[in-house]
Amino acid sequence: MADTTPLLEVRNLTVEFRTEHGIARAVDNISFDVGFGEALGVVGESGCGKSVTALAILGLIPSPPGRIAAGSIKLNGRELVGLPESKLRKIRGSEISMIFQEPMTALNPVFTVGNQMSDVLRRHKGLSRKQAREDAAELLRLVGIPDPKQRLREYPHELSGGMRQRVMIAMAVSCSPKLLIADEPTTALDVTTQAQVLEEINLLREKLGTAVLFITHDLGVIAELCDRAIVMYCGMIVEEAPIEPLYDRPRHPYTEGLLASIPRIRDRKLKRLPTIAGMVPDLLQLPDGCRFADRCEKATGRCQLEIPTLEGARKRKVACFHPVNG
Amino acid sequence: MSVAGETLAGAGDLTLRKTRESLWSKARYKFRHDVWGMVALGIVLVYFVIALGVWLGIWGQGWSAVGGEKWGSMSAEYWFGTNIIGQDVYDRAIYSIKTAFEIGLVVAVLSTVMGAVLGAIAGFFQGSWTDEVILWLMGVLDSIPFYLFVAAVAFALGGYAYSMHLAMIAVFWTITARLVRGEVIKLKNFEFVEAAHAIGVPHFLIIFRHIMPNTLHILLVQSTIVFVAAIKTEVILSFLGLGVKDGVSWGLMIAESTQEVLAGHFNNFVAASVLMFGLVMAFNMFADSLQDALDPKKVS
Amino acid sequence: MEVLRFAIKKLIGGIPLLLGVTFISFLLMVYYGPDKTYELLGKNPTTEQIAEIRHELGYDKPFLVRYGDYLKEIVTLDFGYSDSTGERVNRILKRTIPISMAMVTPGFVLGNLIGVILALTAAHFRGRWMDKLIMGGSVVGMSISLLIVVIAFQIIFSSSYGLDLFPVRGWEVYNVTSYIQYVTVPTLVFIFVSLGYNTRFYRAVIVEEMERDHVRTARAFGTPPAKLLYKNILKNSMIPIITRIMFSIPLVIISGSLVIETYFGIPGVGKVTYDAITTGDQPILKAVVGLTAILFVLTLMATDIMYKMVDPRVSLK
Amino acid sequence: MMNETQPLLTVRNLKKYFPMKAGMFRKGTPLKAVDDVSFDLETGKTLGLVGESGCGKSTLGRAILRLHEPTSGEVILDSKPVTGVKHGALMLQRRKMQIIFQDPYASLNPRRTVYQTVREPLDIHKVGDPKERRHTVEILLERVGLRRQVMDRYPHEFSGGQRQRVGIARALALNPKFIVADEPVSALDVSVQSQVLNLIADLQKDMGIAFLFISHDLAVVQHVSDHVAVMYLGKLVEMGPAASIYKDPRHPYTQALLSAIPNPDPKHRKKHVVLSGDVPSPVNPPSGCPFHTRCPRVMDICKKETPVQTNQGNATNPHLVSCHLYS
């Protein structure tokens with residue numbers, strides 16, 4: 001189904017931030033699609049531009065200092081870049097909704113859970129106060145929160161981290177969005193809670209058929225949840241592939257290095273963990289060529305001078321002059 | 001050791017950020033690019049040079065001489081006219097700049113030092129009886145009506161010339177101390193302070209080497225704010241008869257003018273208020289820019 | 001019930017503060033304060049006369065006894081008689097406090113209300129010319145001395161050099177019209193002087209709150225900006241705002257009204273205090289200090305209870 | 001662990017309770033952050049300490065170093081006591097034990113250069129003369145993979161991984177025998193994480209330092225540890241050789257923890273043992289076994305009686321479990 005028209009179509013998106021030392025390009029000319037009902041993972045290390053991409057889709061880039069410098073974002077064929085704020089507001093929370101990393105701070109501490117949830121329902125669905133509360137309770141039940149009527153009367157600080165993240169999820173799916181953006185939703189949670197929340201997201205996806213854009217630094221989480229993934233490095237997409245081939249035979253040296261270096265439970269302990277040498281370059285002082293060239297063992301003179309473009313078959317793309325596992 | 005060291009050097013992340021700057025040079029850079037801040041600093045410096053001139057005896061020395069007629073108007077000899085007993089308003093207004101700087105600097109420096117030390121001690125030993133006592137003292141000083149407190153200090157010191165300064169210091173340090181205390185409580189839970197404990201660094205060194213330098217931006221900004229507060233308070237106190245004893249100040253001039261303005265003589269009033277407004281405004285703007293440059297948390 | 005228990009606990013906790021305030025001011029004002037013996041005596045007093053007066057004034061009692069007497073006065077709320085007029089201190093206060101309240105309240109309320117409105121406006125247009133205009137204006141407001149404002153407003157509103165609309169000084173209030181006549185200029189002074197500081201402070205609080213994650217969440221769920229400000233942000237900013245307003249009450253009543261009442265010749269507590277300072281009228285000063293300290297303790301308590309009302313995270317325990 | 005020879009570090013019945021105020025004068029029930037913890041650690045070995053946030057693992061590390069004064073219990077390092085000794089004796093012990101922190105941004109004083117930071121322990125303990133100290137700092141920086149040219153730089157000029165190396169250099173300055181590493185890599189990006197983990201492994205091999213390696217990440221712990229201890233609500237629920245813990249976890253909590261880790265292999269999407277509910281508050285821990293409120297194999301006895309520790313391994317390689325399933 002994702003083969004016909006995609007739900008979300010991002011083309012040549014560039015996001016810039018003004019800093020004291022010049023313009024930092026947090027996202028540089030990226031393009032990707034999300035199909036209906038698809039779960040797309042976006043992986044990368046801190047500063048690679050994955051969260052900025054998410055905020056750009058919702059039109060939430062803090063401006064100033066940031067702005068969408070170029071590109072197009074289409075939801076269901078409708079252009080979002082340049083749409084007036086009042087129209088964007090109608091989309092936020094209803095057609096696209098988002099869950100954030102920090103469940104501790106993402107909810108307003110001085111209003112009850114019920115108040116915040118019914119706010120969204122009343123705004124987007126025009127429900128009555130009473131109906132909104134009933135729907136909110138039903139949603140909490142849907143995400144596996146026991147005794148939902150009571151929870152609606154509670155304040156965020158009275159709930160645990162995992163509970164709060166469930167409330168966020170319930171709020172996010174309350175208006176049956178077509179796309180759910182999850183920005184590191186389990187990073188701040190403990191492993192056992194993370195497992196609960198991930199399971200909840202998976203169940204909801206099956207039940208509601210919502211497409212999910214799942215942003216994380218954790219390749220393990222992506223592997224469990226997503227159909228397809230894109231790998232970002234320094235504001236660019238370096239690889240895009242369905243999940244199994246990506247993990248089986250990564251084509252970009254960065255993806256390969258990242259996969260190798262994640263700590264994972266092994267049957268036998270390794271003497272040394274594989275590493276990627278060096279560190280991520282400063283966004284203000286990017287190299288001329290491939291941004292990974294300085295850390296790449298395969299880099300040649302060409303890599304230092306020219307930026308490789310994302311190329312390949314429609315589902316399996318890589319931005320590298322010397323791809324591996326080819 | 002060296003073998004492993006070499007292999008590590010290969011793997012280690014050796015590239016440094018190329019933008020090299022210390023915290024202060026970053027602040028300097030920010031401040032330099034703040035046009036209003038630079039203008040304000042320029043104005044403050046002009047005032048300061050004038051004050052220095054008075055202090056060195058170059059100008060403003062005729063402030064107490066009775067020469068002209070009563071309420072004389074502006075003339076070549078008396079640029080701003082004369083007051084009720086024929087003193088030169090221009091010289092008095094200029095001399096008052098020195099008085100203002102004297103009050104501002106003395107109060108700002110001493111109250112900041114006092115607030116920094118007591119605030120840091122209270123914060124570092126948060127919850128202990130030392131902290132309780134300092135907090136109690138701050139609470140007490142904050143709850144005595146300020147003008148009454150100055151009056152009381154003046155009584156107690158039997159008309160001592162600096163009783164106003166003392167009273168201001170005794171009250172103004174509490175604001176700085178509260179800010180510093182809060183910051184120190186935050187800082188002392190930072191891991192670098194724990195690291196110092198783990199090394200065995202003695203408490204006083206932890207406070208003065210590791211914690212206090214990290215509160216400098218607060219102290220700098222706070223002392224500019226106190227400077228302004230002291231100058232403004234002097235005016236009220238002088239009007240109430242509790243202020244400057246020897247010499248002349250804007251407060252005394254304005255107090256003098258309260259009788260004159262209703263009779264239509266504005267020389268004293270305008271001279272003192274315009275000069276004072278200029279200094280306070282410039283200093284306020286300077287303090288603002290300083291805070292923008294130094295305080296990473298300041299939201300603008 | 002919970003609130004009552006909390007209130008009592010807070011009041012008991014305020015005792016050390018009360019003792020500190022009264023002790024320090026007693027030490028400075030009374031013990032090291034002016035000696036009134038010779039003012040009350042005729043020329044060439046005899047040793048007996050001196051001793052008698054000193055006894056009458058209580059100067060011959062040991063320090064702690066005299067301080068104890070002061071505390072007793074505070075507990076019984078009976079401060080004796082004014083040194084200069086001989087009137088009962090309580091009567092003086094009963095007469096003057098309502099006048100001060102009437103004089104101060106409109107300016108205090110408006111100064112904070114307009115401050116919050118301007119701060120919300122500035123925060124809403126953050127970084128744009130409207131914000132810069134409001135913030136520039138508040139720096140100007142902060143830079144003008146209270147005394148200059150008082151004199152300038154008197155010239156502008158009440159003198160023949162200006163609009164000449166209101167009486168120059170005094171307080172002859174019988175009805176609403178005369179109240180407005182006399183209260184307007186002091187109110188304008190009050191607003192002008194406090195507005196700069198208030199706006200700046202409130203804007204900083206509101207802008208800080210705007211940066212928080214939950215505001216981003218609200219935006220991500222399509223909350224319109226106006227609702228964001230008055231619902232999501234304002235209620236969260238209430239703690240610092242309440243703190244500022246509450247704590248300025250005791251200070252405003254004494255310190256603020258002191259200058260304005262003296263200048264405009266309004267017979268309120270401020271004026272009485274000022275006269276007491278100049279004449280060294282200790283019973284009145286002792287009463288003012290003691291009552292302010294009590295007011296402070298009450299403010300502390302009320303503020304904590306109000307926190308609970310706006311912020312569910314604050315518990316009264 | 002139970003060798004004839006004296007272990008480097010012995011921790012016995014260590015408790016750290018934080019007092020909670022109930023009223024103005026009344027003391028409430030204390031928060032039992034560390035509740036009766038005992039273990040041994042041998043020279044040059046690493047004990048991995050795992051648990052979820054709030055389980056008391058960081059507090060345990062700090063209580064051993066006396067950065068938090070323990071409520072009761074005994075810590076012996078290198079045959080000399082750490083607990084219950086006066087300032088002078090503690091200072092001598094401080095040379096032998098150090099700590100590496102989690103947050104690379106908060107663990108270095110922003111107003112001091114790398115040189116000042118790494119040199120401070122040498123100054124405080126008066127190691128060598130000033131000239132030697134400079135040289136020692138150079139060697140230390142090289143040892144952790146930093147060039148000596150960085151000495152006069154301030155922390156904000158470094159990346160997270162580099163800062164962490166500076167923090168390690170500071171911890172190494174006094175040539176300690178024992179280091180508490182409190183989540184040293186959890187704030188770092190994956191590619192940098194493995195660099196730092198390798199560095200720690202090298203240091204251990206070369207210098208024979210014993211580590212208490214605290215982490216919430218079981219995969220990270222597996223890579224560095226010889227032994228692993230699992231903590232829940234202030235108590236050690238399971239402890240044993242790393243291989244045996246990972247291959248054959250006994251406590252239901254350990255089993256759940258291991259099962260919850262997302263597997264970076266899409267071909268083996270596994271079924272997780274998902275625990276119900278949340279970690280109870282340590283102020284008001286459940287009666288009996290602290291885990292009974294979430295345990296999938298809970299029995300009646302679990303709610304009433306606190307389980308005793310049993311050895312599920314052998315005498316030379318004990319695998320200790322506190323669970324009623326095994327008693």
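To find a chain, count down the sequence lines: A is the first, B the second, and so on, and within it residues start at 1.
Between the OG atom of D:Ser191 and the CZ atom of A:Arg295 there is a distance of 4.0 Å, given to the nearest 0.5 Å. If you take CD1 on A:Ile265 and CG on D:Leu258, they are separated by 5.0 Å, rounding to the nearest 0.5 Å.
Judged by distance alone, the side chain of D:Asp189 and the main-chain N or O of A:Ser46 form a donor-acceptor pair under 3.5 Å. Remark: the backbone N or O of A:Ile262 is not paired with any side-chain donor or acceptor of D:Gln193 at under 3.5 angstrom. D:Gln195 places a side-chain N or O within donor-acceptor distance of the main-chain N or O of A:Gly278, the cut-off being under 3.5 Å.
Using non-hydrogen atoms only and a strict 4.5 Å limit, the part of residues 142-163 of chain A facing chain D consists of A:Ser160, A:Met163. When the heavy atoms of residues 189-198 of chain A are compared with those of chain D, the residues falling under 4.5 Å are A:Asp190, A:Val191, A:Thr192, A:Thr193, A:Gln194, A:Ala195, A:Gln196, listed by number.
Only the backbone of D:His216 comes within contact range of chain A, with at least one heavy atom under 4.5 Å from a heavy atom of that chain. In this structure, the portions of D:Leu275 lying under 4.5 Å from any heavy atom of chain A include both its backbone and its side chain. Using a 4.5 Å cut-off between heavy atoms, D:Val185 does not touch chain A at all. Looking at D:Ser225, only its backbone comes within 4.5 Å of chain A, counting heavy atoms on both sides.
Under a 4.0 Å N-O distance rule, the pair D:Asp265/A:Arg264 does not qualify as a salt bridge.
With chain D as partner, the option from A:Leu259, A:Leu219, A:Asp248, A:Ile222 having the largest number of non-hydrogen pairs under 4.5 angstrom is A:Asp248.
Using a 4.5 Å heavy-atom threshold, the side chains of D:Pro262 and A:Glu224 count as touching.
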